[in-house]
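Here the structure comes first, spelled out in structure tokens, and everything after it is commentary.
Residue numbers count from 1 along this sequence.
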Amino acid sequence: MAWFYLVVAGVFECGWAVGLKYTEGFTKFVPSLLTVSAMAISFGLLSVAMRSIPIGTAYAVWTGIGAVGVAITGMFLFGESKEIMRIVCLFLIVVGIIGLKVYASSSGNN
């Protein structure tokens, strides 16, 4: 379950990172409320996942999910670059996340 919590925490990290753009410096109430809520959920689930996943692995996976998710969201919502090298680099982050999961599983950390 820890890995499930970690992935969901990463998804909520994407939510709050993208939400920051819509808060306009926390001057818009509803986007600010949603963003802070997503932050709380993300951090809460991350802390639960860290009960059984090593901190370095959990944090790297959490930030990796967030980085890839926000970059992909930026491409589609905000018209950011979709250059092939950018996509290749995002793919490498995903490979790293998978590698951390595989290594953590093989070393006995579920």
Residue Phe91 excluded, over 12 heavy atoms near CZ under 6.0 Å: no
Is there a path of hydrophobic side-chain contacts, each under 4.5 Å between heavy atoms of I, L, V, M, F, W or Y residues, that connects Val94 with Val11? no
Going from CD1 on Ile87 to CE on Met85, what distance comes out if it is rounded to the nearest 0.5 angstrom? 10.5 Å
Candidate list Ile53, Leu6, Val61, test side chain to side chain contact (heavy atoms under 4.5 Å, CB included), partner Leu46, passing option: Leu6
Give the minimum heavy-atom separation between Gly15 and Ala38, together with the two atoms involved. C-CB, 4.4 Å
Are any of the side-chain heavy atoms of Phe26 and Leu20 separated by less than 4.5 Å? yes
Keeping Thr35 on the side-chain end and Pro31 on the backbone end, is there a donor-acceptor pair under 3.5 Å? yes
Qualifying residues under salt bridge (charged side-chain N to carboxylate O under 4.0 Å, His left out), relative to Lys82, sequence neighbours excluded: none
Test side chain to side chain contact (heavy atoms under 4.5 Å, CB included) applied to Glu13 and Leu45, step by step: CA-CA 10 Å; Glu13 183 193 7; Leu45 290 172; over 6 Å; no
hydrophobic_cluster_shared for Val36 and Phe43, side chain cutoff 4.5 Å: yes
Determine whether Lys28 and Thr23 make a side-chain contact, defined as any pair of heavy atoms from C-beta on separated by less than 4.5 Å. no
Can you list the steps and then say if Trp62 with Tyr5 is a ring-ring contact (aromatic ring centres under 6.0 Å, His included)? CA-CA 10 Å; Trp62 180 71; Tyr5 292 139; over 10 Å; no
Cluster check Val68, Val88: I/L/V/M/F/W/Y, side chain < 4.5 angstrom: no
Val48 versus Met1: any side-chain heavy-atom pair under 4.5 Å? no
Does NZ or CZ of Lys21 fall inside the cone over Phe78's six-membered ring, less than 6.0 Å from its centre and within 45° of the axis? yes
Using only atom types and a distance under 3.5 Å, with no angle test, would you say the side chain of Ser42 pairs donor to acceptor with the backbone of Ala9? yes
Test item: side-chain donor near acceptor, Ser37 and Trp16, under 3.5 Å: no
Over all heavy atoms of both residues, which pair between Ala2 and Ala49 is shortest? Give the atoms and the distance, please. O-CB, 3.5 Å
Using the rule that two of Ile, Leu, Val, Met, Phe, Trp, Tyr join whenever any of their side-chain heavy atoms come within less than 4.5 Å, decide whether Tyr22 and Val30 are in one cluster. no
Kindly work out whether a path of hydrophobic side-chain contacts (I/L/V/M/F/W/Y, heavy atoms less than 4.5 Å apart) joins Val8 to Val70. no
How many angstroms lie between atom OG1 of Thr63 and atom CD1 of Ile93, to the nearest 0.5 angstrom? 8.5 Å
Which residues satisfy the salt bridge (charged side-chain N to carboxylate O under 4.0 Å, His left out) test with Glu83, sequence neighbours excluded? none
